[in-house]
2 protein chains.
Amino acid sequence: MSTTSPGTVGAASREAAREASGEAAREAAGEASRETAGDCRPGLREAKKARTRRALIETGLRLFHERGYGNTTTEEIAASAGVSQRTFFRYFPTKEDVVLEAMGSVDEVLIEHFLARPADETPFEALCNAMRDHWETLGRTAMHHFKGGAAEIIAESPELMRTGMTYCRRRQTRLAEAIALRTGTGPADPRPELVSAIFFAALANGHQEWEQAGAPGLDGLLRSFMRQLELVPEVIGSDWNTPAADRGAAG
Amino acid sequence: MSTTSPGTVGAASREAAREASGEAAREAAGEASRETAGDCRPGLREAKKARTRRALIETGLRLFHERGYGNTTTEEIAASAGVSQRTFFRYFPTKEDVVLEAMGSVDEVLIEHFLARPADETPFEALCNAMRDHWETLGRTAMHHFKGGAAEIIAESPELMRTGMTYCRRRQTRLAEAIALRTGTGPADPRPELVSAIFFAALANGHQEWEQAGAPGLDGLLRSFMRQLELVPEVIGSDWNTPAADRGAAG
DNA sequence: CTGACAACTGGCAGTCGCTGCCATAATCTT
DNA sequence: AAGATTATGGCAGCGACTGCCAGTTGTCAG
């Protein structure tokens, strides 16, 4: 993977582990494997696990923010969270997953905005508008209180942002679920996943553009995001069939 | 020093190295640093480097194909190519780059088909059609001779295919260049990069779908690719604004 | 041809992500 | 409280990747 790579038997086991953690992420604080059905959390064990998980994420983000993602080792994160490195890797299959999971909680806010958009909007339109709504929320409220707190830390750390964008494909499924929910289609419909993939691809492009422009502030990032998103229909539709040389080079 | 870069610490240096190698890839066999300008290849040194590079790629692909990507170490590749591991990493910043570069040569064929498409087609349309042309070429000619040979090896190894798709974002720029060439726009136009990103995102989705279906043959992969690609305009355009529940849950 | 200079290479030691294994301790069950 | 589960820590180890230094090889002037 980007920062490192797998040890023993290669990529296959990694992928498996990653998916497992993906599912585990959302059942993090509940869901006994016993017959104690539903929401009742059966005990102290689960609570402790949830606490450890949260501690890992918090200290992880903090350290990433302080010394940079690449300059923070998993051992340091584990130690700062009061567990062993071995335990760290029982909670997160890879180091990136700490960032990804934090980013996931940010995505949830986006998803809420997305689901709140008027029903006459196309899924993709709703996504674009939700992005703008989301950003405003981020800029207004999140800067003040420091509760869930992932958003600001990520927003303030270009390196974290980059990590989150690099692996954005792994965030796509969660958004696809929300899209499927909104449109009412079933899990066999490939379209939600596709819109989600395109959305994130556009964001990744925007992020890259933003970095190449010298990362001119967070507003600049939003502008890049929105520009790319707005370009998508133009570029896919029949608008852009300029055979050659229309709006001059460097246009 | 074209292939390597002096890493300092952490992920940032990694990224830098990767981009450096990306540029180096295409100037692999030429370009002295002296004032001997142009195409003249000034010597034995460059030739040797090119030969080593090719050897690394060939043995790398062969070993990946034989024992799997994850079960092949960089040390084995280096040894089989007759160089040290240290030298391997002077040619390729990461192990994946071997696959990526091989895949790049496959992409070149796609790009040729793309550039050969009639001018009245939208860039995205041309891309879709080129994909189909490309695949036919792959299935017909490449299976017979074993010259450049990357295509078949990759096509026959799901693990390599997966690696290539996982990091497909790093292939996007080359394709974007071709798109810009065809449309005649300059490097400041963000649209080629965006189409390229969307194209690869759709492919990645198709690949994922294909894997989840149990990887039903290469024709199945092409079908998944094409299906996703064809869905893109439908999903982005105004066709799909089903507020809720139209074509029944479960697809 | 030769010697200075630059680029290329190998080897070593070390860091870090990540994993399997096993003994121990904590929690849950009855 | 005994026994069955499950979480944890520590250790040893693999493998990707890097910096450093010394030795080799191609290059180019004289």
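Chain letters run A, B, ... following the sequence lines, proteins first and then strands; every chain starts at 1. As a basis for the values below, the full set of heavy atoms in this structure was taken, side chains included, without hydrogen atoms, waters or symmetry mates. Being a predicted model, the structure only gives us computed values, none of them experimental.
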Practice task
Check salt bridge (Lys or Arg N to Asp or Glu O under 4.0 Å) between Arg90(A) and all other residues, then give those that pass, not counting sequence neighbours.
Solution key: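 In terms of salt bridge (Lys or Arg N to Asp or Glu O under 4.0 Å), with neighbours along the sequence ignored, Arg90(A) is linked to no residue.
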Handout entry: Partner set under salt bridge (Lys or Arg N to Asp or Glu O under 4.0 Å) for Arg171(A), not counting sequence neighbours
Key =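 Arg171(A) satisfies salt bridge (Lys or Arg N to Asp or Glu O under 4.0 Å) with Asp107(A) only.
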[N] phosphate, OP1 or OP2, under 4.0 Å from [X] side-chain N/O:
X	N	result
Tyr91(B)	dT9(C)	yes
Lys95(B)	dG15(D)	no
Thr87(B)	dT9(C)	no
Lys48(B)	dG26(D)	yes

Handout entry: Contact list for residues 197-210 of chain A, test salt bridge (charged side-chain N to carboxylate O under 4.0 Å, His left out), sequence neighbours left out
Key =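 Residue pairs passing salt bridge (charged side-chain N to carboxylate O under 4.0 Å, His left out), neighbours aside: Glu209(A)-Arg227(A).
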Problem - Residue pairs fulfilling salt bridge (charged side-chain N to carboxylate O under 4.0 Å, His left out) with at least one residue in residues 66-88 of chain A, sequence neighbours excluded - result: Arg62(A)-Glu66(A), Arg67(A)-Glu76(A)
Completion exercise
Comparing Arg45(B) with Glu75(B), nearest DNA chain D nucleotide closer to 5' gives the residue Glu75(B)
Can you measure [X] atom [atom1] to [N] atom [atom2] for me and round it to whole angstrom units?
X	N	atom1	atom2	value
Leu44(B)	dG26(D)	CG	P	6 Å
Arg53(B)	dA7(C)	CZ	P	18 Å
Arg86(A)	dC16(C)	CZ	C1'	15 Å
Leu56(B)	dC8(C)	CG	C1'	14 Å
Arg67(A)	dC16(C)	CZ	P	11 Å
Asn71(B)	dA16(D)	CG	P	11 Å
Glu46(A)	dT6(D)	CD	C1'	10 Å
Phe89(B)	dG14(C)	CZ	P	19 Å

Handout entry: Sub-4.0 Å heavy-atom contacts from residues 78-85 of chain A onto DNA chain D, ordered by number
Key =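 Heavy-atom cutoff 4.0 Å gives Gly82(A), Val83(A), Ser84(A).
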Completion exercise
Picking from dG17(C), dC12(C), dA16(D), the nucleotide nearest the side-chain atoms of Thr73(B) would be dA16(D)
Completion exercise
Minimal heavy-atom distance between Ser80(A) and Thr59(A), with the atoms involved, is O-CG2, 3.9 Å
Problem - Nearest atoms (heavy-atom pairs only) where Val99(A) meets Gly164(A) - result: CG1-N, 4.3 Å
Fill in the blank from the handout: By nearest-nucleotide position on DNA chain C, the 5'-leaning member of Thr74(A) and Arg90(A) is Thr74(A)
Extract all donor-acceptor atom pairs below 3.5 Å that involve side chains of residues 211-222 of chain B and protein atoms in other chains or at least two apart in sequence.
residue, atom, partner, partner atom, Å
Glu211(B), OE1, Arg162(B), NH2, 2.8
Glu211(B), OE2, Arg162(B), NE, 3.1

